[in-house]
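Lettering of chains follows the sequences in order, A, B, ..., and the numbering in each one begins at 1.
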2 protein chains.
Amino acid sequence: MARKTGSHSEITGPRIRAAAQHLFARHGYAAVSMRQIAAEVGVQAGALYLYTPDKQSLLADLMRDHLEGLLEAFADLPPASGPEARLDQFARFHIGYHIDRPDAVFIAYMELRNLEPDNFSAIEALRRRYENALEAILRDGRAAGVFAVPDTKLATLALIAMLTGVTNWYREGGRLGRAEVEAIYADMARNAVGSPARVQHTA
Amino acid sequence: MARKTGSHSEITGPRIRAAAQHLFARHGYAAVSMRQIAAEVGVQAGALYLYTPDKQSLLADLMRDHLEGLLEAFADLPPASGPEARLDQFARFHIGYHIDRPDAVFIAYMELRNLEPDNFSAIEALRRRYENALEAILRDGRAAGVFAVPDTKLATLALIAMLTGVTNWYREGGRLGRAEVEAIYADMARNAVGSPARVQHTA
DNA sequence: GTCTATACAGGGATAGAC
DNA sequence: GTCTATCCCTGTATAGAC
């Protein structure tokens, strides 16, 4: 099309969100200006406000979309039976999902302090739902005697921190392949909560 | 208001750094203004420039001081013999040191993006020295046959991510005490790298 | 639907009075 | 050593032309 003034609302909206995600992840929400986002998309700053009420909504929407997608994808996993299989599945899923979305993950974990109170509460609720899914696995495993965790909440947070840390260094095409990384992390996660293959001692 | 006529350079400098640390940790470097820092200290914005060349140096100094203090404290630990004892010591030290300095830790891990290239390189070098200390323990343990880690670099990063995650939720006076948290994390760390069953837990 | 132009607040940093 | 005053830039957001 020769004309630049046609309707692009269906393409411009997603492009704005993509640019915002990329820039927020790279420089941080507070350090990124609406002008930068607009420049990346190829529109003027004022035009952004046709697609978002303000900068804060742009951030909150990115985080909510990410967490809702995460929960949905997790819910869609095939059922696994037994705490060990479920933990293995969780670890591999978590690694794989996060490796594929480094920008969204980075934002979701780093920009919480830049959310206004209402948005913060909503995002925290989603995050907690995900954590609860892992904690349920650990509780079941402890009840079944296959996991030795003194505190399931603490173990949940420790495992998620460990697994999420992969996004700090993993690069596509790097020394280790995706499947290798998933396997190694899944093993470490299972060992961390007391692999049944060895006798566990808890004071 | 009566004018303050005395010299305060020896007290104002540290107070500026303390205020900056507190505000950077809470709101993020990019979101904090020099005027806010000055207000917290009780001076005018212009006065800050008697103590720091610019805002960037304030950030870089905080991060460098933190990491240098971390390395120094780690070097001062009493010698431990054997990879398992050394890993246990590392885990407890890491948790304890980080729990005591939530603001400094938060900044050191979250504000890397806001460092200018030269400062970033310097900070990264310090961080790598610390990671290398842990990796040496894991390598020795693998060579000795007490740790089962397919990749020591990956395991190093996974353990540090797990241990550092404690700062995301630990609060003084919370449900779990400091010693309990250290013990639980040290156990998880040791298990994660495949410590054999013979390890004794000293309560 | 997108543009230019702009309002208005606030940013970092400096100069010079006291 | 700290202040006031200020420079100049950049921030978010809006108004109105096309």
Side-chain angles (χ1 to χ4, degrees), chain A residues 1-24 26-62 107 111 113-119, chain B residues 1-24 26-62 107 111 113-119:
Chain A
M1 291 204 190
R3 263 167 70 89
K4 291 194 75 169
T5 53
S7 167
H8 296 96
S9 66
E10 282 163 22
I11 185 72
T12 304
R15 285 187 65 208
I16 288 172
R17 296 212 309 271
Q21 183 173 72
H22 180 237
L23 289 168
F24 288 169
R26 176 154 306 198
H27 306 290
Y29 172 77
V32 172
S33 70
M34 294 298 265
R35 288 197 238 267
Q36 279 176 274
I37 298 170
E40 182 118 334
V41 175
V43 299
Q44 296 297 318
L48 298 183
Y49 292 87
L50 298 169
Y51 303 93
T52 181
D54 52 27
K55 191 186 176 191
Q56 169 74 199
S57 299
L58 218 41
L59 175 64
D61 286 351
L62 286 173
I107 293 169
E111 301 295 355
R113 42 179 192 188
N114 288 308
L115 287 175
E116 288 162 9
D118 285 359
N119 289 330
Chain B
M1 196 179 299
R3 198 156 98 76
K4 297 181 184 177
T5 54
S7 166
H8 296 95
S9 67
E10 282 164 23
I11 185 72
T12 304
R15 288 187 63 208
I16 288 171
R17 296 212 308 274
Q21 183 174 69
H22 180 236
L23 289 169
F24 289 169
R26 176 154 308 199
H27 306 291
Y29 172 77
V32 171
S33 70
M34 295 298 266
R35 287 177 170 90
Q36 279 177 272
I37 297 170
E40 182 119 333
V41 174
V43 300
Q44 296 296 319
L48 297 183
Y49 293 87
L50 297 170
Y51 304 94
T52 182
D54 51 27
K55 191 185 176 191
Q56 169 74 196
S57 300
L58 219 39
L59 175 64
D61 287 350
L62 286 173
I107 292 169
E111 302 294 356
R113 307 178 281 202
N114 289 308
L115 287 175
E116 287 161 10
D118 285 359
N119 290 329

Report summary line: Those residues at least two apart in sequence (or on a different chain) that pass side chain to side chain contact (heavy atoms under 4.5 Å, CB included) with Ala47(B) are Val43(B)

Query raised in the report: With Arg15(B), which residues qualify under side-chain hydrogen bond (donor to acceptor under 3.5 Å, both in side chains), at least two apart?
Result: none

Query raised in the report: Does the side chain of Gln44(A) get closer than 4.0 angstrom to OP1 or OP2 of dT4(C) through an N or O atom?
Result: yes

**Report entry** For Ala18(A), side chain to side chain contact (heavy atoms under 4.5 Å, CB included) partners two or more places apart
**Finding:** none

Query raised in the report: Hey, does Val32(A) reach any base, or is it just sugar-phosphate, or nothing, if we go heavy atoms under 4.0 Å?
Result: sugar-phosphate

Query raised in the report: Within this structure, what is the NE2-to-C1' distance between His27(A) and dT10(D), rounded to whole angstrom?
Result: 16 Å

Report task. For Arg113(B), check salt bridge (Lys or Arg N to Asp or Glu O under 4.0 Å) against everything at least two apart and list the hits. Result -> Glu111(A)

Report task. Looking only at non-hydrogen atoms, find the nearest pair between Val41(B) and Thr12(B) and report the distance. Result -> CG1-CG2, 4.3 Å

Query raised in the report: Are the side chain of Glu116(A) and the backbone N or O of Gln56(A) linked by a donor-acceptor pair below 3.5 Å?
Result: no

Report summary line: Per atom distances to the Ser33(A) side chain, the nearest of dT4(C), dT4(D), dG11(D) is dG11(D)

Requested in this report: Could you pull out all residues at least two apart from Ala45(B) that satisfy side chain to side chain contact (heavy atoms under 4.5 Å, CB included)?
Outcome: Arg35(B), Ala38(B)

Report task. Whole angstrom is fine here: how far is it from OH in Tyr51(A) over to C1' in dT2(C)? Result -> 8 Å

Report task. Could you tell me, to 10°, how much the axis swings from one end of the helix from dG1(C)-dC18(D) to dC18(C)-dG1(D) to the other, five pairs per end? Result -> 0°

Protein-nucleic acid N or O pairs under 3.5 Å, nucleotides 13-16 of chain C:
from	atom 1	to	atom 2	distance (Å)
dA13(C)	OP2	Tyr49(B)	OH	2.8
dA13(C)	OP2	Lys55(B)	N	3.1
dA13(C)	O5'	Tyr49(B)	OH	3.4

Query raised in the report: Of the candidate nucleotides dT4(D), dG11(C), dT2(C), which contains the atom at the shortest distance from the side chain of Leu50(A)?
Result: dT2(C)

Query raised in the report: Mind checking what makes side chain to side chain contact (heavy atoms under 4.5 Å, CB included) contact with Glu40(A), not counting sequence neighbours?
Result: Ala19(A), His22(A), Leu23(A)

Query raised in the report: Reckon Thr12(B) has a side-chain N or O less than 4.0 Å from the OP1 or OP2 of dG1(D)?
Result: no

Report summary line: With sequence neighbours left out, the residues meeting salt bridge (Lys or Arg N to Asp or Glu O under 4.0 Å) with Asp54(B) are none

**Report entry** For atom CD1 of Ile16(B) and atom P of dG1(D), their distance in whole Å
**Finding:** 12 Å

